[in-house]
Amino acid sequence: MAEHDLHEYSRALVTDIQALADAEGGSIPNTFTQRVLEILEEAGVATDAALAYHSSRGLEIYGYGLPEDGSSLDLYTTDFNLTPSSSKLTKAESDRLFRRLFAFLGKHGAIRPNQEDNTDVHDMCVGVEKALSNVPKIRLFLLSNRVSTTNALEPTEFEGIPVTYELWDIARLHRHETSGSIGEPIKVTFERPLPCLAAHSDQPNYSVVLAVIPGRRLAELYKEHRTRLLELNVRSFLQTRGAVNKGIRETLLNAPGKFLAYNNGVTATASDVDFETDEAGSPVAIRSMTGLQIVNGGQTTASLHHVLTRDKKDLDGVHVQMKLTIVDPAHLSEIVPKISQYSNTQNKVTLVDFSSNHEFHVAFERVSRSLWAPATDGSGQETRWFYERARGQYTDKSAEYESSAAQRKFKLITPTRQRFSKSDLATFVHSWEQLPYWVSRGAQKNFTHFMERIEKSDPVVDVQYCKRTIATALLFQAADRVARTHSAGSHKRLITTYTVARLSLAAKKRIDLDRIWNEQGTTDALKDALDELCPLIMDTVISSDRHVSEWAKKPDCWDEVARIPWTLPDALTSELTAEPFEIASPESTESDEAEAAVEDISSEGWQALADWARERRALRSADRQLADRVAQRLSQGRRVTGTQARQAMEVYEEALRHGFHPVPADLDHETV
């Protein structure tokens, strides 16, 4: 890593954080923390993270994370310096900061009674207390914009729970921001070398070996690295849905010894492999691999993890065939998509594309970079919006200009405020498309759902599409500023997405996006409407008897927001267009089918399922509660959303497998 590049990155980061903190009226350390949390979330390192600052004697914490799958409890602390190059983060300093963060684990119970209900710190204390009862591990993160002189602490324990320490200093952040790919190389070492068969290759850039890997080892790798293991998987699959995946699960549960025969296995790549060789020098076993990626078989990998962790099966006797391609890193982008495309035959379901090289993102980058945004400040200076298809592109582009004057000109034409990423794009579009509960689930999950919709709709990415999409960004930013003036605090992003969604619903998507693009901003009537609507949203989303972050993720929250009695002001009504602006496709056929299937079962049938599950102590409590909600909605004549319908049908099928007998459709419910 060039020292000059790191210095420039560090300097630019401080400037950006200062500008963002000033614009949003937040503290600089909190703004830096939020920025890094977004990086970690996009990287798949952390999920469901939230800011919550608290400091007292011997204790300091900036935020926490409670991943939805219950895989860990994450706590965050921050070290931010306005002149980071003037000193380094020493071992003594990092150890002290980690100790102050660790102290929160023992003191959160005493902190909670002194916090008002529904505050960030109160929510954090409640969440941590619940998590400590069953979480398998705790991760402590130290985020710093200085160069560290040491590594993180060795693992410890808290009340018998393993505690690990993650140190993210400026050097590590720089590697992520400028590499164009997310995540450091995954290195895997096998205590017992993995026997393999090498195929002869005359190709200079890659070679192939065949191996069989224990299913438990593959599940553990996914448990440790999660989506980082699937970064290059252009048909990545993160949940056990669909007929094929249920088949995988059934085989693992009922015929594990036949899994190798029934399953197509995984296709993987690595940048370097350490082999054991025979007398002739031919590879016979794999000792370790660096840069491991599953490029096909994400569903197999996730299903193995699901059965190991959720079904509590040890996976003894389960083996998975693996085709491993050793690829020169310089040729990854060329070779990996073809490997995935040609080997993807085991699943007909359209899956998610996380690759920056997906044709949608390539097209959006190409078209959007050709656009000049109209000058609106009287200077006559047109500007560009910069779509970061791969992380670090903006920094790399700026660095191409050697002189300070040239860099200033670049930032004048392409200002930082007009830079946005793939996850930002998903946030803007989903807010407009009235899917705020997906936005509230975090950058990674929201982006995953966005790509599912893109795969099914295959939009035409032309000039009009890009202009209107960027207009939704301007609308979102306007709503974000309004939410800040109403003191939405750390819930501001949730309030913003729900405000935009509710406005879109009230206007039936007839807000003039073309006008927003042409004026590079919103009209006074639109700003006034947002200002009027925002407090109503806050009253519904931020409720004293609910955990705000969890509530906002639920379709039920959107149902309540959608029913808020509010109509468009006359001034905005007069600006509406005759036809709606559709940015993305309607709900998928899969969702439509699930909704129809849910409605084919009566409300009494769903209630019977919920009652049966309680009496038998079957299913998870969340699944029983879902059946209750579906029964209630149907009895009230309310719609069950596509996402919830799919989940409900999975619960229904699970209940049938556990012995539930449905209520006959023609049986009178009073008799039941």
Side-chain angles (χ1 to χ4, degrees), residues 234-236 333 337-338 340-341 344 348-374 382-390 393 414 418-436 438-439 443 446-477 497 500-501 504-505 507-520 576-593 642-643:
V234 301
R235 293 191 179 277
S236 168
S333 61
K338 293 180 180 178
S340 182
Q341 177 185 352
N344 184 41
K348 297 179 181 179
V349 180
T350 302
L351 302 178
V352 181
D353 187 315
F354 280 105
S355 173
S356 295
N357 294 321
H358 185 278
E359 58 184 1
F360 170 83
H361 298 293
V362 172
F364 196 95
E365 177 192 43
R366 183 183 66 252
V367 177
S368 64
R369 298 277 181 87
S370 71
L371 299 177
W372 283 98
E382 295 180 322
T383 58
R384 292 186 186 276
W385 284 75
F386 194 100
Y387 179 55
E388 275 198 319
R389 177 171 59 86
Q393 282 183 316
T414 317
Q418 292 178 196
R419 173 182 64 183
F420 62 108
S421 66
K422 297 193 299 293
S423 60
D424 292 331
L425 177 65
T427 293
F428 303 148
V429 172
H430 274 177
S431 298
W432 175 259
E433 290 294 316
Q434 301 162 27
L435 296 169
W438 273 107
V439 177
N446 185 52
F447 179 71
T448 298
H449 189 59
F450 176 75
M451 287 310 302
E452 288 177 342
R453 291 164 61 84
I454 289 296
E455 288 283 2
K456 290 164 184 170
S457 62
D458 191 22
V460 177
V461 183
D462 54 13
V463 169
Q464 183 183 77
Y465 181 92
C466 289
K467 285 182 176 180
R468 291 178 175 177
T469 301
I470 293 172
T472 66
L474 287 161
L475 176 59
F476 188 93
Q477 291 170 357
T497 184
V500 172
S504 173
L505 177 66
K508 299 179 180 178
K509 297 184 183 177
R510 292 189 295 132
I511 301 294
D512 194 341
L513 296 182
D514 290 340
R515 179 175 179 178
I516 292 176
W517 165 263
N518 290 330
E519 297 181 0
Q520 287 296 288
L576 298 183
T577 59
E579 298 296 329
F581 287 84
E582 295 289 353
I583 302 298
S585 66
E587 283 295 326
S588 66
T589 301
E590 179 186 353
S591 297
D592 294 339
E593 292 174 352
T643 300

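Scope of the values below: all heavy atoms of this structure, side chains included, with no hydrogens, waters or symmetry mates. Small disclaimer: the values here were computed from a predicted structure and weren't measured.
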Chemist: Is there a donor-acceptor contact under 3.5 Å linking the side chains of Glu433 and His430?
Modeler: no

Chemist: Considering only heavy atoms from C-beta outward, does the side chain of Val429 approach that of Arg453 to under 4.5 Å?
Modeler: no

Chemist: Hey, could you give me the CD/CG distance between Gln520 and Leu474, rounded to the nearest 0.5 Å?
Modeler: 5.0 Å

Chemist: Compare all side-chain heavy atoms of Pro374 with those of Trp517 and state whether any distance is below 4.5 angstrom.
Modeler: yes

Chemist: Only counting residues at least two apart or in another chain, list the ones meeting ring-ring contact (aromatic ring centres under 6.0 Å, His included) with Tyr387.
Modeler: Phe364, Phe420

Chemist: Answer with yes or no whether the side chains of Asp424 and Ser421 bring together a donor and an acceptor at under 3.5 Å.
Modeler: yes

Chemist: Once rounded to the nearest 0.5 Å, what's the spacing between atom CD of Glu455 and atom CD of Glu452?
Modeler: 9.5 Å

Chemist: Between Ala471 and Ile516, which heavy-atom pair has the shortest distance, and what is it?
Modeler: O-CG2, 3.7 Å

Chemist: Just wondering, do Thr414 and Thr383 contact through their side chains at under 4.5 Å, heavy atoms?
Modeler: no

Chemist: Give me each pair satisfying salt bridge (Lys or Arg N to Asp or Glu O under 4.0 Å) with a member in residues 462-472, each pair once, sequence neighbours excluded.
Modeler: Arg468-Asp514

Chemist: At their closest point, which heavy atom of Ala473 faces which heavy atom of Trp385, and how far apart are they?
Modeler: CB-CZ3, 4.4 Å

Chemist: Could you give the distance from NZ (Lys509) to CD (Gln434), rounded to the nearest 0.5 Å?
Modeler: 5.5 Å

Chemist: Is the positively charged end of Arg510 above the ring of Phe581, judged by distance under 6.0 angstrom from the centroid and angle within 45° of the axis?
Modeler: no

Chemist: Taking the six-membered ring of Trp372, is the NZ or CZ of Arg384 close enough (under 6.0 Å from the centre) and on axis enough (within 45°)?
Modeler: yes

Chemist: Do you know which two heavy atoms are closest between Ser368 and Cys466, and how far apart they sit?
Modeler: N-SG, 4.1 Å

Chemist: For Tyr465 and Val367, what are the C-alpha separation, side-chain angles and deciding distance, and is it a side chain to side chain contact (heavy atoms under 4.5 Å, CB included)?
Modeler: CA-CA 9 Å; Tyr465 181 92; Val367 177; over 6 Å; no

Chemist: To the nearest 0.5 Å, what is the distance between NE2 (His361) and CD (Glu365)?
Modeler: 11.0 Å

Chemist: As an exercise, state the distance from CD of Gln477 to OG1 of Thr472, rounded to the nearest 0.5 Å.
Modeler: 9.5 Å

Chemist: Working to the nearest 0.5 angstrom, can you tell me the gap between Ser423 OG and Phe428 CZ?
Modeler: 8.5 Å

Chemist: Can Leu576 and Ile511 be said to form a side chain to side chain contact (heavy atoms under 4.5 Å, CB included), step by step?
Modeler: CA-CA 5 Å; Leu576 298 183; Ile511 301 294; 3.9 Å; yes

Chemist: Taking all non-hydrogen atoms of both residues into account, name the closest pair between Asn446 and Val439 and its distance.
Modeler: OD1-N, 3.4 Å

Chemist: Can you name the residues that form a salt bridge (Lys or Arg N to Asp or Glu O under 4.0 Å) with Arg366, not counting sequence neighbours?
Modeler: none

